[in-house]
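Pasting a structure here, questions to come.
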Number of protein chains: 2
Amino acid sequence: MGITKSEHFTDEQNELATLAKAIGHPARIAIIQHLIKVNSCVCGDIVNELPLAQPTVSQHLKELKNAGLIKGNFEGNAICYCLNEEGFNKIKDFFQHINTYLENKKNQCC
Amino acid sequence: MGITKSEHFTDEQNELATLAKAIGHPARIAIIQHLIKVNSCVCGDIVNELPLAQPTVSQHLKELKNAGLIKGNFEGNAICYCLNEEGFNKIKDFFQHINTYLENKKNQCC
DNA sequence: CATCTATATCGTAATATTGCAATATAAATA
DNA sequence: TATTTATATTGCAATATTACGATATAGATG
């Protein structure tokens, strides 16, 4: 089959999965790290930073954008990308929940 | 090609991507949420909680285990699964870094 | 030991992802 | 308007993922 049975899961579960999946590629991790590192809007030098061809980078940017993790504005004929808080805020709560749980859990068999 | 070019990225980037990718499926989000909810080791009732066949659940558990996000102990003829702090701690720093950045960033074009 | 119960593995079909060359598009500039 | 520059889209091949029936395995129990 190969189709993820999204309809059997909650919207929250599907949304979190989509976000995590979008982050789940080293090229997309690299893009996120680069956007943080340069601490400003990046107008296209992402292609030069990555060991991938331009169409491939464009595809990764598209996936991050679709997931709501980055956003881009036209700036002349270039595009200015930066992180999108909305997307990251959605994951933040999930991980904070997990961390709180892990800090307090006791008497587990493993 | 379809092969992720892991060799061109740093170990950290590959590791973070592997962790995020493992989380990036609604069934695996559901497993994580369930393990937190029951607040104890779960010996096999995960299959009953999910809308998927037993082999499929077993496969998802394997992926979470391989990524270091859960661990399992034999408990009689059943297996006891719970969250693995190690894996989650690795992602924690990444997201904390992002959150700190997002809270402080200013004067961005987007 | 035979059987039951719980979980894993195998095999396979359907689908998704990754990557890139070629090409298209769109704004800027000569 | 022709050209350049920046980015996106298309098309396709290679590979990975998802799902499940069938089957294997391993401990518990009769």
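If you're wondering where the values come from, they're calculated on a predicted model, not measured in any experiment. Letters go in sequence order (proteins before strands), and every chain restarts at 1.
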Checklist line | Whole-Å distance separating the CD atom of B/Gln59 from the C1' atom of D/dA22 | finding: 15 Å

Notebook entry, point to check: Do side-chain atoms of A/Thr100 reach the backbone of A/Gln96 as a donor and acceptor pair under 3.5 angstrom?
Noted result: yes

Next item on the list: Assign a letter to each nucleotide of nucleotides 21-30 of chain C from its 5' end: B, base within under 4.0 Å of a protein heavy atom; S, sugar-phosphate only; -, no contact.
Entry: BB----BS--

Check: Can you tell which of C/dT7, D/dT18, D/dT9 lies closest to the side chain of B/Glu63?
Finding: D/dT18

Margin query: Looking at B/His60, I'd like to know whether one of its side-chain N or O atoms comes within less than 4.0 Å of OP1 or OP2 on D/dT17.
Written below: no

Margin query: For B/His97, is the NE2 atom crowded, meaning more than 12 foreign heavy atoms sit under 6.0 Å from it?
Written below: no

Margin query: Return whichever of A/Val47 or A/Ser6 has its heavy-atom-nearest nucleotide of DNA chain D closer to the 5' end.
Written below: A/Val47

Item checked: Test side-chain contact (heavy atoms from CB on, under 4.5 Å) applied to B/Leu50 and B/Ile31, B/Asp45, B/Thr56, the passing residue -> B/Ile31

Check: Can you check whether A/Thr56 has a side-chain N or O nearer than 4.0 Å to OP1 or OP2 of C/dG19?
Finding: no

Checklist line | Closest-nucleotide ordering on DNA chain D, the 5'-leading residue of A/Gly44 and A/Phe9 | finding: A/Gly44

Checklist line | A/Thr18 and A/Glu15, any side-chain heavy atoms less than 4.5 Å apart | finding: no

Item checked: A/Asn66 CG to C/dT17 P, straight-line distance once rounded to whole Å -> 11 Å

Check: With respect to the phosphate group of C/dT9, does any side-chain polar atom (N or O) of B/Lys62 fall under 4.0 Å of OP1 or OP2?
Finding: yes

Note to self: Using whole Å, what does the distance between atom C1' of nucleotide D/dA16 and atom CG of B/Asn14 come to?
What the structure shows: 16 Å

Checklist line | Contacting residues from residues 15-29 of chain A, given that a heavy atom lies under 4.0 angstrom of DNA chain C | finding: A/Lys21, A/His25, A/Arg28

Check: Rounding to a whole Å, what distance do you find between A/Ile79:CD1 and D/dT5:P?
Finding: 18 Å

Note to self: So A/Asn99 and B/Phe95, do their side chains get closer than 4.5 Å, heavy atoms only?
What the structure shows: no

Notebook entry, point to check: Of the nucleotides D/dA8, C/dT18, C/dG19, which has the atom closest to the A/Leu61 side chain?
Noted result: D/dA8

Item checked: Integer-rounded Å distance: D/dA8 C1' and A/Leu52 CG -> 16 Å

Note to self: Looking at every non-hydrogen atom in both residues, tell me the closest pair between A/Leu83 and B/Lys105 and how far apart they are.
What the structure shows: O-NZ, 3.6 Å

Next item on the list: Nearest whole angstrom, please: distance from the C1' of D/dA8 to the CG of A/Leu64.
Entry: 15 Å

Checklist line | Phosphate OP1/OP2 of C/dA8: any B/Tyr81 side-chain N/O under 4.0 Å | finding: yes

Margin query: Given A/Val42, which partner from the list A/Leu35, A/Ile79, A/Ile70 fulfils the side-chain contact (heavy atoms from CB on, under 4.5 Å) test?
Written below: A/Leu35

Notebook entry, point to check: Tell me, do A/His60 and A/Ile46 make a side-chain contact under 4.5 Å, heavy atoms counted?
Noted result: no

Notebook entry, point to check: Aromatic rings A/Phe9 and B/His25: how do their planes relate, parallel, tilted or perpendicular, breaks at 30° and 60°?
Noted result: perpendicular

Next item on the list: For B/Thr10, enumerate each residue passing the side-chain hydrogen bond (donor to acceptor under 3.5 Å, both in side chains) test, keeping only those at least two apart in sequence or located in another chain.
Entry: B/Gln13

Next item on the list: Round to the nearest Å and state the distance from A/Asn48 atom CG to D/dT5 atom C1'.
Entry: 13 Å

Next item on the list: Could you check how far CG of B/Leu50 sits from C1' of D/dC20, rounded to whole Å?
Entry: 15 Å

